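Note that the structure is a prediction, hence the values are computed from the model and not measured. Indexing begins at 1, ligand by ligand and atom by atom, following the structure's order.
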Amino acid sequence: MAMMAPLENVAANAVPVQPDIWIKRFPQLEPVLSGLGDRGRYDVYETTKLETWSKGRVAIVGDSAHAMPPTLAQGAGCAMMNALGLAVALDEHESVEEALKHWEERERPLTDHTRRRAAGRHTAAGQRHGLG
Ligand SMILES: Cc1cc2nc3c(=O)[nH]c(=O)nc-3n(C[C@H](O)[C@H](O)[C@H](O)COP(=O)(O)OP(=O)(O)OC[C@H]3O[C@@H](n4cnc5c(N)ncnc54)[C@H](O)[C@@H]3O)c2cc1C
């Protein structure tokens, strides 16, 4: 279960989770929230940038290649489009190595742009809330 609250709501962001705060807002989740105990954890979003998406005949697609914060809701979209682009490139080239090279050249600029924008929005939100 992923729970999200505005950054300024310190109590709602506390770990261990303070169930009373959440139950007040989501009474229907009381059975789950009251049983959480100390199993809650606080995660921050991460960004992944690799030097290259492939080596030899092996390629990676999706978050393992270009994880981004969900601020623009584009992570899975990029993963799916890059996978489709990979299939197209493999159809277009005789050699897998050539296909992977052209695939990354074609797909990467838009993905890198999206990842940067998503990370920028994440950082800007943090700065607005005094988190540096
Ligand atoms: C809160 C949130 C909201 C999001 N909203 C959107 C959205 O609206 N639109 C959008 O496009 N994207 C969204 N995303 C991003 C999207 O979820 C990811 O970009 C997408 O799931 C990446 O898919 P993936 O297959 O690359 O990786 P994953 O979905 O992470 O899949 C990787 C799989 O590999 C498994 N695995 C890991 N290690 C091993 C191992 N050693 N052996 C075997 N299996 C392993 C994992 O269990 C997992 O099932 C959101 C992300 C978050 C966190």
Asker: Does any N or O atom in Asp63 lie less than 3.5 angstrom from one in ligand 1, N or O only?
Answerer: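 Such a contact does occur with ligand 1.
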Asker: Quick one: does atom 16 (C) of ligand 1 have a protein heavy atom under 4.0 Å from it?
Answerer: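 Yes; the ligand atom in question has protein heavy-atom contact below 4.0 Å.
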Asker: Using a cut-off of 6.0 Å, state whether more than 12 heavy atoms not belonging to Glu105 lie near its atom CD.
Answerer: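 Above 12, so yes.
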Asker: Would you check if there is a donor-acceptor pair between the side chains of Thr48 and Asp63 at a distance under 3.5 Å?
Answerer: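 Absent: no donor and acceptor within the cut-off.
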Asker: Is there a continuous path of hydrophobic side-chain contacts, each under 4.5 Å between heavy atoms, that joins Met1 to Tyr42?
Answerer: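 Met1 and Tyr42: separate clusters.
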Asker: Please check atom 37 (C) of ligand 1 for a protein heavy-atom neighbour under 4.0 Å.
Answerer: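 False for atom 37 (C) of ligand 1.
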Asker: What atoms in ligand 1 come closer than 4.0 Å to a heavy atom of Gly62?
Answerer: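 Ligand 1 atoms under the 4.0 Å threshold to Gly62: 26 (O).
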Asker: Are any non-hydrogen protein atoms located under 4.0 Å from atom 12 (N) of ligand 1?
Answerer: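 Given the 4.0 Å limit, the answer for atom 12 (N) of ligand 1 is yes, a protein heavy atom qualifies.
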Asker: Just to confirm my output: which protein heavy-atom neighbour is closest to atom 53 (C) of ligand 1, and how far is it?
Answerer: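 Going atom by atom, the protein heavy atom closest to atom 53 (C) of ligand 1 ends up being Tyr45 CE2, 4.1 Å.
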Asker: Any protein heavy-atom neighbour for atom 50 (C) of ligand 1 (distance below 4.0 angstrom)?
Answerer: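 It does: a protein heavy atom is found less than 4.0 Å away from atom 50 (C) of ligand 1.
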Asker: What do you think, any protein heavy atom under 4.0 angstrom from atom 9 (N) of ligand 1?
Answerer: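 When distances to the protein are checked, atom 9 (N) of ligand 1 has a heavy atom within 4.0 Å.
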Asker: Which pair of non-hydrogen atoms, one from Ile60 and one from Ala65, has the smallest distance, and what is that distance?
Answerer: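 Minimum heavy-atom contact is O-CB, 3.8 Å.
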Asker: Just verifying a value: how many Å separate Arg108 CZ and Thr52 OG1, rounded to the nearest 0.5 Å?
Answerer: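 Arg108 atom CZ to Thr52 atom OG1 measures 7.0 Å (nearest 0.5 Å).
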Asker: Determine if the distance from atom 22 (C) of ligand 1 to the closest protein heavy atom is below 4.0 Å.
Answerer: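 When distances to the protein are checked, atom 22 (C) of ligand 1 has a heavy atom within 4.0 Å.
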Asker: Could you list the atoms of ligand 1 found under 4.0 angstrom from a heavy atom of Gln74?
Answerer: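 By the 4.0 Å cutoff, the relevant atoms are 10 (C), 11 (O).
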Asker: Does ligand 1 come near enough to Met4 that some N or O of the ligand is less than 3.5 Å from an N or O of the residue?
Answerer: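 There is no such contact.
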Asker: For atom 5 (N) of ligand 1, what's the nearest protein heavy-atom neighbour? Residue, atom name and distance, please.
Answerer: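 Answer for atom 5 (N) of ligand 1: Pro70 CB, 4.1 Å.
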Asker: First locate atom CG of Leu110, then atom CD of Gln74, and finally report the distance between them rounded to the nearest 0.5 Å.
Answerer: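 One finds 8.5 Å between CG of Leu110 and CD of Gln74.
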Asker: Establish, from distance only, whether the side-chain atoms of His66 and Asn82 form a donor-acceptor pair under 3.5 Å.
Answerer: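 Short answer, yes.
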Asker: Could you list which atoms of ligand 1 come closer than 4.0 Å to a heavy atom of Ala76?
Answerer: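 Here the atoms of ligand 1 in question are 10 (C), 11 (O), 12 (N), 15 (C), 16 (C), 18 (C), 19 (O).
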Asker: Taking the side chain as every heavy atom from C-beta outward, state whether Arg106 and Val88 have any pair of such atoms under 4.5 Å apart.
Answerer: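 They are in side-chain contact.
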Asker: Measure from atom 3 (C) of ligand 1 to the protein's non-hydrogen atoms and state whether any distance is below 4.0 Å.
Answerer: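 Within 4.0 Å of atom 3 (C) of ligand 1, protein heavy atoms are found.
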Asker: Is the contact between Ala73 and ligand 1 made by the side chain, the backbone, both, or neither, using heavy atoms and a 4.0 Å cut-off?
Answerer: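 The part of Ala73 near ligand 1 is both the backbone and the side chain.
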Asker: Nearest 0.5 Å, please: how far is CH2 in Trp53 from OG1 in Thr111?
Answerer: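 The distance works out to 4.0 Å.
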Asker: Any protein heavy atom sitting closer than 4.0 Å to atom 19 (O) of ligand 1?
Answerer: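 Yes, there is one.
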Asker: Using a strict 4.0 Å threshold on nitrogen-to-oxygen distance, state whether Lys55 and Glu97 make a salt bridge.
Answerer: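 No.
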